[in-house]
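Chain letters run A, B, ... following the sequence lines, proteins first and then strands; every chain starts at 1.
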Amino acid sequence: MALRVYDTRSRAKRDFEPHVPDKVRIYACGITPYSPSHLGHARQAIAFDVITRWLRHSGYDVHYVTNFTDIDDKIIAAANEQGVDFSQVAETNIADYYTVMDAMNVLRADAYPRVSETLPEIIDMVEILIEKGHAYVGNDGVYFDIDSAPEKYGQLTGQTLEMVRAGAGGRVAETGSGKRDHRDFALWKLAKSGEPSWGSPWGEGRPGWHIECSAMSLKHLGETFDIHGGGADLLFPHHEAEIFQSECCLGIEPVVKYWLHNGLINVDGEKMSKSLGNFWTISDTFEHVDPLSLRYALLNAPYRQPIEFNMAMLEESEKHHERMIAVYGAALVAAGSAAWAGCDTLEAASERFTTGMNDDFNSRTAMVEVQAVVRELRTLLDKGTDAELIAAGVGWLDEFAGDILGLLPAEDTVRASVAHGEGARSDLASIVEPLLEQRAAARTASDWTRADEIREELNALGVVVEDRPDGPVWRLE
RNA sequence: GCACGGGUGGCAGAGUAGCUAUGCAACGGACUGCAGAUCCGUGGACCCGGGUGCAAAUCCCGGCCCGUGCUCCA
């Protein structure tokens with residue numbers, strides 16, 4: 001089955017056909033680095049990470065760009081508050097972004113352009129928009145003139161000019177802005193005293209929010225590209241503004257072939273956001289679970305659906321993820337890794353996995369298959385036969401759970417962790433084994449009280465004993 | 001208010017007309033002195049009201065509810 005993707009602009013799933021066969025150009029709106037990254041950023045980054053991984057797996061040559069909006073009002077505000085330069089705020093938070101994203105196996109994009117490195121291109125674009133009559137210079141900056149392209153209004157959100165006109169009257173007069181119409185938006189903001197600024201034909205200032213993404217996507221991907229992504233909260237005004245800017249500047253429609261928007265994260269039924277103050281930063285979340293367990297939790301729903309986030313769902317994901325790693329590790333150590341092709345069960349699993357991913361990158365459906373294979377593998381390990389099949393299962397997990405979903409730690413890490421567990425095991429063996437012998441004797445004598453006492457002593461040492469039909473086994477908690 | 005999504009079993013989440021989704025949880029059984037692990041099995045849902053169809057969770061109409069957006073936000 002061919003890949004189909006849901007395109008926000010056409011509000012339908014469409015067959016995926018990039019402009020240039022076999023090549024895909026993606027731009028995803030990244031972060032404004034004014035504070036440490038939160039779960040919303042994780043969801044966005046992981047969603048597009050898996051999308052690019054799947055496209056590459058499907059044979060496309062992918063060029064993936066995501067940006068840092070490192071010049072922004074909120075960064076300036078944070079810098080003033082902290083008494084540091086705005087660029088320092090941006091650097092600190094960009095470093096945090098890389099750290100947490102790396103920990104979650106988010107592969108690096110091909111480019112991370114920044115506003116601060118794209119000013120000439122932004123200025124060029126604004127000049128063209130003015131020349132073409134799509135923008136005008138007001139007393140405090142340059143604005144996009146909505147009335148110059150009214151037919152483009154509401155491309156993503158379905159709103160009309162009149163609706164928004166009715167919804168937000170009077171705001172312009174209050175702010176004293178140089179806008180002619182409150183729906184116009186800033187392309188260039190002239191600096192007030194003390195604000196960081198850059199030179200432009202219209203005076204010292206900085207780019208408005210929106211224009212940077214039009215300029216960066218043009219610079220890095222060209223006049224048209226295939227996928228533009230971002231969080232659903234960017235639909236309006238950010239992405240609609242981009243459509244105005246890019247299409248009016250270039251005289252091309254559409255510039256973006258498919259618009260993909262990831263769903264937001266809810267906490268207690270409402271959107272998690274900085275403005276509501278109910279957000280979890282990613283590093284906070286790492287205090288509770290392994291970064292890859294968090295990744296698991298965030299891939300356990302289709303990327304477009306909202307996720308209701310709470311400790312219960314996080315813990316459940318952690319449980320599933322840890323079991324997956326444990327089974328994977330045991331199988332890896334027991335039998336290594338081998339090609340899975342030719343094994344009917346695994347072929348069928350990969351087919352269902354593929355069908356799911358080809359249906360608008362449904363990672364949830366894909367994860368169901370991963371869980372099924374893990375379960376299968378656990379059974380095989382329990383029986384301890386068929387090393388070949390176990391190795392094939394490991395190979396399958398390497399490819400699907402590892403390469404595509406990014407849920408597996410590096411093989412060396414897994415081996416080390418298994419070895420570490422075995423090391424701890426052998427350290428304890430001299431204590432545990434005699435106790436187990438005593439317990440076996442007690443059990444033979446039907447002295448259940450004594451047997452249970454010994455089991456509890458072992459529990460206190462962090463040792464879990466399980467009586468199997470063929471004798472007791474023990475492991476570390 | 002307007003726009004865009006969505007409402008499926010305890011939870012997550014498949015499923016665009018007819019056949020068990022699946023996972024976790026629950027329950028029952030096997031195994032066990034017990035517990036745990038594992039295996040087998042069971043129950044349980046389609047927001048409400050109409051309509052079209054031999055047949056609707058699935059299509060149409062109306063209503064209700066939830067989320068998001070309506071110029072801070074991934």
For [N] versus [M], give the span between their [atom1] atoms, rounded off to a whole number of Å.
N: B:A57; M: B:C19; atom1: C1'; result: 15 Å
N: B:A30; M: B:G23; atom1: P; result: 23 Å
N: B:C47; M: B:G18; atom1: C1'; result: 24 Å
N: B:G69; M: B:C11; atom1: P; result: 25 Å
N: B:G10; M: B:G44; atom1: P; result: 12 Å
N: B:G15; M: B:U22; atom1: P; result: 15 Å
N: B:C31; M: B:G13; atom1: C1'; result: 33 Å
N: B:A12; M: B:A25; atom1: C1'; result: 11 Å

| Mapping A:H41 and A:K271 onto RNA chain B by nearest heavy atom, which one lands closer to the 5' end? | A:K271
| field | Residue closer to the 5' end of RNA chain B, A:G263 versus A:Y6 (nearest nucleotide) | value |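 Upstream on the strand: A:Y6.
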Round to the nearest Å and state the distance from [X] atom [atom1] to [N] atom [atom2].
X: A:L299; N: B:A12; atom1: CG; atom2: P; value: 18 Å
X: A:Q155; N: B:C70; atom1: CD; atom2: P; value: 18 Å
X: A:H261; N: B:C73; atom1: NE2; atom2: C1'; value: 13 Å
X: A:H321; N: B:A12; atom1: NE2; atom2: C1'; value: 18 Å
X: A:W259; N: B:C4; atom1: CH2; atom2: P; value: 18 Å
X: A:L234; N: B:C70; atom1: CG; atom2: P; value: 10 Å
X: A:D49; N: B:A74; atom1: CG; atom2: P; value: 19 Å
X: A:N262; N: B:A74; atom1: CG; atom2: P; value: 11 Å

Watson-Crick or G-U wobble partner of [N], both distances under 3.5 Å:
N: B:U22; answer: B:A12
N: B:A30; answer: B:U38
N: B:A45; answer: none
N: B:A57; answer: none
N: B:C70; answer: B:G1

| Which letter, B, S or -, goes with each nucleotide of nucleotides 26-41 of chain B from 5' to 3', with contact meaning a protein heavy atom under 4.0 Å? | -------BBBBSSSS-
| request: Would you give a per-nucleotide map of nucleotides 13-18 of chain B, 5' to 3', where B means the base has a protein non-hydrogen atom under 4.0 Å away, S means only the sugar-phosphate does, and - means neither? | output: SSS---
| field | Sequence-distant partners of A:R375, salt bridge (charged side-chain N to carboxylate O under 4.0 Å, His left out), two or more places apart | value |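 By the salt bridge (charged side-chain N to carboxylate O under 4.0 Å, His left out) rule, A:R375 matches no residue at all.
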Base, sugar-phosphate or nothing for [X]? Non-hydrogen atoms, less than 4.0 Å.
X: A:G154; value: nothing
X: A:I265; value: base
X: A:T32; value: sugar-phosphate
X: A:G40; value: base
X: A:M272; value: base

| message | Going by salt bridge (Lys or Arg N to Asp or Glu O under 4.0 Å), name the pairs with one or both residues in residues 307-324 of chain A, residues two or more places apart or in two chains. | response |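 Every pair satisfying salt bridge (Lys or Arg N to Asp or Glu O under 4.0 Å) with a residue in residues 307-324 of chain A: there are none.
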| Beyond-backbone contact of A:F68 with A:V115, side-chain heavy atoms, under 4.5 angstrom | no
| task | Measure the shortest side-chain to side-chain distance between A:M272 and A:W280 over non-hydrogen atoms and say whether it is less than 4.5 angstrom. | result |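 Yes, their side chains come closer than 4.5 Å.
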| field | Residue list, side chain to side chain contact (heavy atoms under 4.5 Å, CB included) with A:A135, at least two apart or on another chain | value |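 Partners of A:A135 by the side chain to side chain contact (heavy atoms under 4.5 Å, CB included) criterion, ordered by chain and then number, come out as A:L129, A:I130, A:V142, A:L187.
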| task | For RNA chain B, determine which residues of residues 90-103 of chain A have any heavy atom closer than 4.0 angstrom to one of its atoms, and list them numerically. | result |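 Result for residues 90-103 of chain A: none.
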Do any side-chain atoms of residues 27-35 of chain A form donor-acceptor pairs under 3.5 angstrom with protein atoms, and if so which ones, sequence neighbours left out?
from, atom 1, to, atom 2, distance (Å)
A:Y27, OH, A:N67, OD1, 3.1
A:S35, OG, A:K274, NZ, 3.0

Once side chain to side chain donor-acceptor pair (under 3.5 Å) is applied, do any residues pair with [X], and if so which ones, sequence neighbours excluded?
X: A:R53; answer: A:D49
X: A:Q371; answer: A:Y296
X: A:D284; answer: A:T281

| Who are the ring pair (Phe, Tyr, Trp, His ring centres under 6.0 Å) partners of A:W474, not counting sequence neighbours? |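 A:W474 satisfies ring pair (Phe, Tyr, Trp, His ring centres under 6.0 Å) with no residue once adjacent residues are dropped.
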| field | Counterpart residues, ring pair (Phe, Tyr, Trp, His ring centres under 6.0 Å), relative to A:F185 (two or more places apart) | value | A:F144, A:H210
| task | Consider the side chain of A:V368, meaning its heavy atoms from C-beta on, and name the nucleotide among B:A74, B:C70, B:U22 that approaches it most closely. | result |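 Selected nucleotide (nearest to the side chain): B:U22.
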| Nearest-0.5 Å distance that lies between atom CZ in A:R180 and atom CG in A:D147 |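 Going from the CZ atom of A:R180 to the CG atom of A:D147 covers 9.5 Å.
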| task | Drop me the distance from A:H38's NE2 to A:Q44's CD, to the nearest 0.5 angstrom. | result | 10.5 Å
| Shortest non-hydrogen separation from A:A335 to A:I390 and the atoms involved |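 Result for this residue pair: CB-CG2, 3.7 Å.
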| said: For B:G15, does the O4'-C1'-N9-C4 or O4'-C1'-N1-C2 angle fall within 90° of 0, making it syn, or is it anti? | reply: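 The base of B:G15 is oriented anti (glycosidic angle more than 90° from 0).
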